[in-house]
Structure formats: C-alpha cells, structure tokens
Amino acid sequence: MTVTPLDHGVLGPELASTPYDHPFRAELRAWLREHPPASEPLDQGEKFACRRSWHRQLAEAGRVGLHWPVEYGGQGADPMTQFMYYEELALARAPEPVNTPGLILLGPTLMAHGSDELKKRFLPGILSGDEMWCQGFSEPNSGSDLASLRTRAEMSGDEWVVNGQKTWTTFGQYADYCFVLCRTEAGSERHRGLTLLICPVRQPGVTVRPIRQISGDEEFCEVFFEDARVPGAWVVGEVGHGWEAAMTLFQFERGDQGYTDHARLLVRLADCERAVDDAEARGAVSPERAADARARHLALWVRCQGLRRLNHRGATLAAEGKELGAVGSLTNLVWGELEKDLGTACAEASGAESLLVGRRDTHARLATRAASIYSGTSEIQRNIIAERLLGLPR
Ligand SMILES: Cc1cc2nc3c(=O)[nH]c(=O)nc-3n(C[C@H](O)[C@H](O)[C@H](O)COP(=O)(O)OP(=O)(O)OC[C@H]3O[C@@H](n4cnc5c(N)ncnc54)[C@H](O)[C@@H]3O)c2cc1C
C-alpha cells in the first residue's frame, strides 16, 4: 500500500517558527513521497522488523539522528527542525522510531560523558541501526525510587562482573547492548557508588525473559545478570558517578522525539474520526452515539493542541539553550494521560466491534495503558510539578 502524507490541517493551526511551507518540510515530504513507508504490522516481531528496516532506510539517506552533531554522524539540526521532522514522519504514518534507547538516551549521554574510545566504538552502530540497545535501570523493587537499585558490579582482572536483575526492559530481546546502572561500591547507599556500564546482552551471563502484556505483546523483558562480563573501560562517565550520567540521560528523555508525540496522536484521532463516520454509515453505531463520539474527539483534539504547544515550548527552550526542567514533567503528564484517553476513545469509536481481539484499535487501547507509567508515572510527575513548579511542600 502506498501511504501518502496527510494534509497539514490534521496538525491544527500553523505555529510561527515551524511553518507548513518551510523548505525543510517540503524537501522531506518529497523524499517521503518517493520512499513511502510501509505500514506497521500488528504482530510484534514483524512490527519490530518493519521499524528496523525503516530505520535503516532513513539512516542510509542520512535522515536519522538529525540532532546529533555533525562530528558524530548527525546533521546538527536545531530543535525546531527536529519538531518539523517528527511531525512530517507522523503525517506520513511512518513506522515508529526504533533503537530509541540508543539514539535518544545513550548516544547523547555518551557524547556528554563517554570516552573518545566509547564514542568511536558505539555511536556509528546506534545511528545505522546495526546495533540495538536497551535500558537497564528499573529493577523489581526499584522503579520510581531508582536510587534503591541493587544490581551490583565488581572488577575482576580487567573486566566488570555484573550480578542482579533488571525488569521492564523494553525490547531487551532484540538488543545487542544494555546500559546498566549498577552499584559498584560495596555498602554504598542511594545515589552514591553507582556506575553506568555498557553490557553486551548476547553472552552466557545474561538471560532475557520477555514478559507478556495484556495486549498480547511482549514489549518488555526481565533481564538476569549472572556473572555477566563487561570490559573494564566500558563505563559511561566516571566509576562511582553513575547517578550523574543517569541524570544527564533523563534530561534527554523528553527531548528529541518527545517534542512531537502530539503529531502521532493527532493522526490517530483523524483516523478515529473516519472510523466513526464509517461505523455510522454501516449502522454499527447509532447517530446519537456517533455524535457523542465526535464531541469526545473534539475535547481530545483540544488537549492534543495543548500538548503540541507544550512540546513546541520545549523545543523553543532547547533552541534557546535552556533546560526543560520541571516543564518536562508537565508535558509528560499531559502526554501520558492523553495517550490513554485517546486509546480508549478510538477503540470505542467503532462500537461493539472494538471488543474483538486482533483489531488494531483494541490492541492500541490495551497497549496505551502503560503510557502513564513509563518515563515516570503520572503520580511522580505530579509530585515534581507540585514541588518545583507550584512551590508546594514535599
Ligand atoms: C511499557 C513500559 C516500558 C518500560 N521500559 C523500561 C526500560 O526500557 N528500562 C527501564 O529501566 N525501565 C522501563 N520501564 C519501567 C518504568 O520506568 C517503571 O515502571 C516506572 O519507573 C515505575 O516504577 P515501578 O513500575 O517499579 O512502580 P513503582 O515505583 O513501584 O510505583 C508503583 C505505584 O506507586 C506510585 N508511587 C511510587 N512512588 C510514589 C511517590 N513518591 N509518590 C506518589 N506515588 C508514588 C507510582 O506512581 C505507581 O502508581 C518501563 C515501564 C513500562 C510500563
């Protein structure tokens, strides 16, 4: 199926610094018309393969990691260009980005804290998509309270030996490398004595066990480290200062593609509107229910526009060289709740049919439940907003 880019009207009113007639948008649209992206299959393994192949196609055309500095293979694009880039990809219904733990998180953190040797070794593979990455932070008893983590590593000869368990590791089963936050100082507590290591996943000391979710996907995994080996120099930042490296990494979490997750939601909402029209025409929903659904969609559209403004503000701050700070939590909260509500509304748009297993909208409804958990739960975001933006007591 050839997918043609949707009209810019789907995104809503034009924003002054990212106009719809911008030459960057025009050039990218022309390229997308010549290289129409495949639509994502529903099956997870096929979906991942589709995303990876799209990543490679983009990489070969020099269209991955636009925001990376030129010296590391990127184009040094400014945040506004990134904003337009992801909007155009969403309008073209391109597969979702893959390798984001490498591209968005570890890559930029390596640039900030990594040795020249590590940058040279790992950055090209992240960009090309030849090496896949996963994030090994959360543990069974350490999620929101990350500083309580217990996975440990100690030097033996010229290698680190890692023991412990990580969990909720997204796409761990496809990863070649995992960046693992470990306790490297015996007896240390909280954020002291931690080190960020790069651990090869495909080795005897690492077992990856996928976790089945309610959607049927196995999107994340448990990862067990039993005397796993890491070369002594594969440390991001300084030994014992992993918390600093982790904090740098978290700063990137809401940057880059985070600026534009509104675009995918708006495209999904447009599809949802069409599903209502279609269901009404077929008599699958009554005119009254269709009218209710449209009113609900309008309220969601308004919230999407709010998210779009927040994302644009994030890009503007980044363009001015300012940090996002607690505003990132506000954006994250708005996005997570919106993603879930939109998933529910879109599934319900087609009436009772939405309860059928195997449908794309039913799958999305279940899969989006996680949006208010990963990258920080809604409760944690509310705490940050309360304390840092509103100045309320702890
Ligand atoms: C789809 C998905 C993908 C993920 N991918 C990864 C990954 O690739 N790598 C990785 O390391 N992790 C990943 N995670 C883990 C994610 O970071 C954690 O789930 C998240 O940080 C919450 O931690 P937890 O699940 O241990 O819940 P907990 O921290 O135990 O929280 C349980 C509940 O208590 C609430 N709570 C906790 N502390 C407070 C507080 N101080 N105030 C108020 N309420 C509080 C929470 O909001 C939540 O409702 C992923 C999670 C999901 C759902």
Side-chain angles (χ1 to χ4, degrees), residues 44 47-48 51 96-107 109 132-151 162 164-183 190-191 194 196-199 201 206 208-225 236 242-243 245-247 249-250 252-254 257-258 261 326 328-329 332-333 335-337 339-340 343 363-388 390 392-394:
Q44 185 189 291
K47 184 160 50 189
F48 191 85
R51 289 180 184 177
E96 286 195 26
V98 82
N99 216 13
T100 46
L103 200 60
I104 313 296
L105 301 178
L106 198 266
T109 307
M132 291 283 134
W133 287 77
C134 64
Q135 176 180 11
F137 278 20
S138 303
E139 298 185 3
N141 293 308
S142 303
S144 304
D145 183 18
L146 183 62
S148 65
L149 68 86
R150 290 162 58 178
T151 295
V162 185
Q165 187 200 335
K166 297 290 175 179
T167 193
W168 314 129
T169 314
T170 300
F171 293 142
Q173 67 271 55
Y174 305 118
D176 301 293
Y177 294 96
C178 183
F179 45 95
V180 189
L181 196 57
C182 307
R183 202 160 284 289
R190 309 295 300 163
H191 53 276
L194 300 174
L196 186 60
L197 297 179
I198 294 177
C199 182
V201 175
V206 178
V208 180
R209 205 181 286 161
I211 301 171
R212 165 106 6 153
Q213 295 157 254
I214 191 173
S215 61
D217 284 347
E218 293 178 343
E219 197 181 284
F220 45 42
C221 307
E222 293 178 291
V223 182
F224 299 88
F225 300 88
V236 183
W243 192 252
M247 290 304 106
L249 190 138
F250 282 135
F252 296 120
E253 198 150 41
R254 273 232 59 86
Q257 104 205 66
D261 34 29
S329 288
N332 221 346
L333 176 66
W335 165 75
E337 296 299 325
E339 173 101 27
K340 275 201 304 193
H363 178 272
R365 173 193 215 158
L366 298 173
T368 51
R369 299 307 86 189
S372 55
I373 302 175
Y374 59 87
S375 69
T377 67
S378 286
E379 290 77 17
I380 294 296
Q381 307 300 353
R382 286 194 180 96
N383 281 350
I384 296 172
I385 293 164
E387 288 166 26
R388 297 199 210 148
L390 303 178
L392 296 176
R394 279 178 70 84

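Just follow the structure's listing: the first ligand is 1, and inside any ligand the first atom is 1. In what follows, every heavy atom counts, from backbone to side chain, and hydrogens, waters and symmetry copies are set aside.
A donor-acceptor pair under 3.5 Å is absent between the side-chain atoms of Glu222 and the main chain of Ile211, judged by distance alone. Within the 3.5 Å criterion, the main-chain N or O of Leu105 finds no donor-acceptor partner in the side chain of Gln135. Between the Arg365 side chain and the Lys340 main chain, no donor and acceptor come within less than 3.5 Å of each other.
Here the side chains of Leu181 and Leu196 are in contact, with some heavy-atom distance below 4.5 Å. At a threshold of 4.5 Å between non-hydrogen side-chain atoms, the residues Arg150 and Ser142 do not count as touching. The closest side-chain heavy-atom distance from Cys199 to Val206 is below 4.5 Å. Here the side chains of Cys182 and Phe225 are not in contact, with every heavy-atom distance at 4.5 Å or above. Between Val98 and Met132, the closest side-chain pair of non-hydrogen atoms falls below 4.5 Å.
Shown in contact with Thr377 at under 4.0 Å from a heavy atom are these atoms of ligand 1, numbered in order with element: 22 (C), 46 (C), 47 (O). Each of the following atoms of ligand 1 lies closer than 4.0 Å to a heavy atom of Ala370: 1 (C), 53 (C). For ligand 1, the atoms lying closer than 4.0 Å to a non-hydrogen atom of Ile373 are 19 (O), 20 (C), 53 (C). Residue Thr169 has at least one heavy-atom neighbour below 4.0 Å for each of these atoms of ligand 1: 7 (C), 8 (O). Contact atoms of ligand 1 toward Ser144: 21 (O), 22 (C), 23 (O), 28 (P), 29 (O), 31 (O), 37 (C), 38 (N) (distance under 4.0 Å to a heavy atom of the residue).
Shortest contact from atom 43 (C) of ligand 1 to any protein heavy atom: Asn383 ND2, 3.7 Å. Looking at atom 38 (N) of ligand 1, its nearest protein heavy atom turns out to be Ile380 CD1, 3.7 Å. Scanning the protein for heavy atoms near atom 9 (N) of ligand 1, the closest one is Gln135 O, 2.8 Å. Of all protein heavy atoms, the one lying nearest to atom 51 (C) of ligand 1 is Tyr374 CB, 3.6 Å. Looking from atom 49 (O) of ligand 1 to the surrounding protein, the closest heavy atom is Glu379 OE1, 3.5 Å.
At least one N or O atom of Trp168, backbone or side chain, sits closer than 3.5 Å to an N or O atom of ligand 1. Between Ser138 and ligand 1, at least one pair of N/O atoms sits closer than 3.5 Å. By the 3.5 Å distance cut-off applied to N or O atoms, Asp145 is not counted among the residues near ligand 1. Looking at Phe137 next to ligand 1, an N or O pair under 3.5 Å apart turns up. For Gln213, no nitrogen or oxygen atom sits less than 3.5 Å from a nitrogen or oxygen atom of ligand 1, counting backbone and side chain alike. Between Thr170 and ligand 1, at least one N/O pair is under 3.5 Å apart.
Between the choices Gly143, Ala371, Cys134, Ser142, the shortest heavy-atom distance to atom 21 (O) of ligand 1 belongs to Gly143.
Under 3.5 Å, the side chains of Glu253 and Tyr374 contain no donor-acceptor pair of N or O atoms.
Within the model, atoms CD of Gln381 and OG of Ser375 stand 6.5 Å from one another, a figure rounded to the nearest 0.5 Å. Here Trp168 contributes atom CH2 and Glu219 contributes atom CD; the two are 12.0 Å apart, rounded to the nearest 0.5 Å. Distance CD1/Ile384 to CD/Glu379: 12.0 Å, rounded to 0.5 Å.
Atom 15 (C) of ligand 1 is approached by the protein to below 4.0 angstrom, counting heavy atoms only. For atom 4 (C) of ligand 1, a protein heavy-atom neighbour is present inside the 4.0 Å cut-off. Within a 4.0 Å radius of atom 34 (O) of ligand 1, the protein has no heavy atom. For atom 30 (O) of ligand 1, the nearest protein heavy atom lies 4.0 Å away or farther. For atom 12 (N) of ligand 1, the protein comes within 4.0 Å by at least one heavy atom.
Below 30°, between 30° and 60°, or above 60°: for Phe179 and Phe137 the angle between ring planes is above 60°, a perpendicular geometry.
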